[in-house]
Amino acid sequence: MSSTPAVINFWFEFASPYSMISALRLFYALTNKQAPHAAQIQNMASCHVPELKNIRIIYRPVFLGGVFKAVGQQSIPNMAVPIKAHYLFHDVQRSLNLFGCPGFPGTRPALWPRNTVLAGRMAWMLSQGPEYIQVLDSGRRPPAALQSTQLEWAHTKTLAEFVWRVYESEFIASEDIGSEEVMGRLWDAFVARPGQLN
């Protein structure tokens, strides 16, 4: 008798530094990578990397810019108070350093937040599964029946790596993830590799 796997919905926004921490934790967990300070952080509840063998992860990109606009929010909430804005980047930098990911800016980048629509759409498309992408590649419109969030384990790992690499490109390499050139390069490197979508 097979049990139904537990489900974790990972709602994320590519402009969110805190989402970046969760993306890295899931990337490590799904790809069995160890953080350099694994023994230290496993004892910290906030840094624990879970065992995901019997858990299905559903990646759900969201566009907070549209949400803020719809509710009349003129700015990112934490950015309205300078001390909160400063602490946000310090806090994320410290957390990522613990996970062995140096290079996150300690202060707000001049060009942040970036336009995340293209990156979010590409992540959503990848979350629909390889059949969906293959139909799009053929120039046809996918039927609704093809849209699914139930990915095979290997495809979830590909999605986890792609999402992490987008964050890495945006915050550590300071690249414009609204650029087709940047996103095309990431897609080619981490999604379109031979066998990744088969």
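All values below come from the heavy atoms of this structure, side chains included, with hydrogens, waters and symmetry mates left out. Predicted model, so just to flag it, every value in this text is computed and none were measured.
In the model, E13 has a side-chain atom that pairs as donor or acceptor with a side-chain atom of T116 under 3.5 Å. For the residue pair Y59 and N9, no side-chain donor N or O sits within less than 3.5 Å of a side-chain acceptor on the partner.
From I57, atom CD1 reaches atom OG of S127 across 13.5 Å, with rounding to the nearest 0.5 Å. One finds the CZ atom of R25 at 11.0 Å from the CG atom of L96 (value rounded to the nearest 0.5 Å). We find the CG-CD distance between L186 and E168 to be 9.0 Å, quoted to the nearest 0.5 Å. Atom CZ of residue R56 and atom OG1 of residue T156 lie 8.5 Å apart, to the nearest 0.5 angstrom.
Judged purely by atom type and a 3.5 angstrom limit, W124 has no side-chain atom pairing as donor or acceptor with the backbone of R60. Remark: the backbone N or O of S174 is paired with a side-chain donor or acceptor of R114 at under 3.5 angstrom. Judged by distance alone, the side chain of Q93 and the main-chain N or O of F104 form a donor-acceptor pair under 3.5 Å. Checking side-chain atoms of S169 against main-chain N and O of R165 turns up no donor-acceptor pair under 3.5 Å. Here the side chain of S179 pairs no donor or acceptor atom with the backbone of E175 at under 3.5 angstrom.
Here the closest heavy-atom approach between residue L30 and residue A160 is recorded as CD1-CB, 3.5 Å. Minimum interatomic distance between L118 and G178 (heavy atoms only, all atoms of both residues): CD2-O, 3.9 Å. Closest approach of V117 to F63, counting heavy atoms only: CA-CE2, 3.5 Å. Considering all non-hydrogen atoms of both residues, L88 and P17 come closest at CD2-CG, 3.6 Å. Across all non-hydrogen atoms, the minimal contact from C101 to L24 is CB-CD2, 4.0 Å. Across N97 and G103, no two heavy atoms sit closer than the pair OD1-N, 4.4 Å.
In this structure, L136 and P142 have side chains that are in contact, with non-hydrogen atoms separated by less than 4.5 Å. With contacts defined as side-chain heavy-atom distances shorter than 4.5 Å, the pair P61/F12 qualifies. Using a 4.5 Å heavy-atom threshold, the side chains of F89 and V92 count as separate.
The pair D91-R94 meets the salt-bridge criterion, since a charged nitrogen lies less than 4.0 angstrom from a carboxylate oxygen.
Between Y167 and the choices F27, F162, F14, the ring pair (Phe, Tyr, Trp, His ring centres under 6.0 Å) rule is met once, by F14.
Taken together through direct or relayed side-chain contacts under 4.5 Å among Ile, Leu, Val, Met, Phe, Trp and Tyr, Y87 and F171 form parts of separate hydrophobic clusters.
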